[in-house]
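Structure first, then comments.
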Amino acid sequence: MEISRRKFFVASAAATAAANARSSNGKRPLIICAANGYRYLDRAFEALHSGADTLDAGLKVVTGPEDDPADDSVGLGGLPNEEGVVELDACCMHGPTRRAGSVGGVRNIKNVSLVAKAVMEHTGHVMLVGEGAERFAVSMGFPRENLLTEHSRKVWTLWRETHSNQDWWGPQVGAPNWTAPESHAERLVKLNEVAANLGIPEDQRADAIHKVLVPPTGTIHCSVVNAAGEISGVTTTSGLAWKIPGRLGDSPIIGAGCYTDADVGSAGATGSGEENIKVAGAHTIVENMRRGMSPQEAGMDTLKRIAHYHKDDQTQLKYVSMIYYILRKDGAYAGVSLWSGGDRKRRFAVHDGEKRYETCAFLFDGNPIEWPPSPNVPW
Ligand code: ASP
């Protein structure tokens, strides 16, 4: 069922008004990151307090999920590409020295955020990709290791044995030959059967099936400002699950997945990388702040641009997810999301002496895709 155009505009206008009524509070030092960085904020904040560089503090956050085999959106244990190979992307910007580093499509090396920093520090380049980036990492002392955990391998096998034409070989969302996928309902029976045959434990089956039907986005971004107003940002990811080998999303793209300007602030993204590249999201946000917008206004404006590129068409936008993490040089911050997340509100994490989750401001109320499909969902 389609939400009516009128209802959509009323809902989105109300959500925008509610979002704009919230205000961020400037305080330094401050660290902002995606929700999966929460557990690592204390060690980063402590380091910052002891005088650590802002980028090094950010790396203390993002290397947490990179090292964690249970976080399947980043580093070790990340969900693989369509051939079952984990390929990682990362980039960073160091505000105080206005330098940047980036790596894309890296195999066999877990801490690609640190490799991005090494590119920045030890080469005259900004971006290395693929085999060259891997060889560079090994030459810098990073160990090669198998990044595919048994759990991620099984979820990938489930995808491979049950996927249809709704994979990354289709056109981009909104392209002239794009059509919305049919209901997932018929595939559920087969997915359950195959998951059981693969030995995926019953309590993990729903989650594995969800990842097949709705290839997850994850990633972690972190921006950090210290008491002196120095600022840096870093983003790292295993990218979209089941992607075509060699695909780079927004995360390693300076200006899309991460952008930091020492005069203004820093921003980063998690979500549909292809959409974010098209609006150069992190750069657009920082430039919006440079022109006087608050962090929240700057982020909402960029989300509206994504919606505008899709002609505000819900049949397309419900397949897009996007969260921006925004930090101004004075410590003002915001987390904004294209979708509210419905009952499970989209969150981000902050540490400014007090560690906490906060709820993202949002453009549209609801979820990008409801799962499992049910006649009660408002689409
Ligand atoms: N933005 C990432 C990408 O497109 C995915 C994500 O955030 O999960 O690769």
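Numbering of ligands and ligand atoms starts at 1, following listing order.
- Side-chain contact check for Asp365 and Ser340: at least one donor-acceptor pair (N or O, by modelled atom type) lies under 3.5 Å.
- Counting heavy atoms under 4.0 Å from ligand 1, residue Glu275 does not touch it at all.
- Residue-to-ligand polar distances place Gly271 within reach of ligand 1: an N/O pair is separated by less than 3.5 Å.
- Donor-acceptor pairing under 3.5 Å is lacking for the side chains of Ser113 and Thr236.
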**OP:** Show the numbers, then the answer: is there a salt bridge (charged side-chain N to carboxylate O under 4.0 Å, His left out) between Glu193 and Lys190?
**Re:** CA-CA 5 Å; Glu193 253 174 50; Lys190 177 155 188 227; over 6 Å; no
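- Atoms of ligand 1 lying under 4.0 Å from any heavy atom of Gly239, numbered from 1 in the order shown and given with element: 9 (O).
- At under 3.5 Å, a nitrogen or oxygen of Arg247, whether backbone or side chain, sits near a nitrogen or oxygen of ligand 1.
- Here is the list of ligand 1 atoms found below 4.0 Å of a heavy atom in Ser251: 1 (N), 2 (C).
- Here Asp261 pairs with Arg98 in a salt bridge; the nearest charged N to carboxylate O distance falls below 4.0 Å.
- Atoms of ligand 1 found under 4.0 Å from any heavy atom of Leu240 (numbered from 1 in listed order, with element): 9 (O).
- Distances below 4.0 Å separate heavy atoms of Asp250 from the following atoms of ligand 1: 1 (N), 2 (C), 3 (C), 4 (O).
- The N/O atoms of Thr219, backbone and side chain alike, include one that comes under 3.5 Å of an N/O atom in ligand 1.
- In the model, Ser232 has a side-chain atom that pairs as donor or acceptor with a side-chain atom of Thr54 under 3.5 Å.
- Defined by atom type and a distance below 3.5 Å, a donor-acceptor pair is missing between the side-chain atoms of Tyr259 and Thr284.
- Taking every non-hydrogen atom of Thr270 and a distance limit under 4.0 Å, the qualifying atoms of ligand 1 come out as 7 (O).
- A cation-pi contact, defined as under 6.0 Å to the ring centre and within 45° of the axis, is absent between Lys110 and Phe142.
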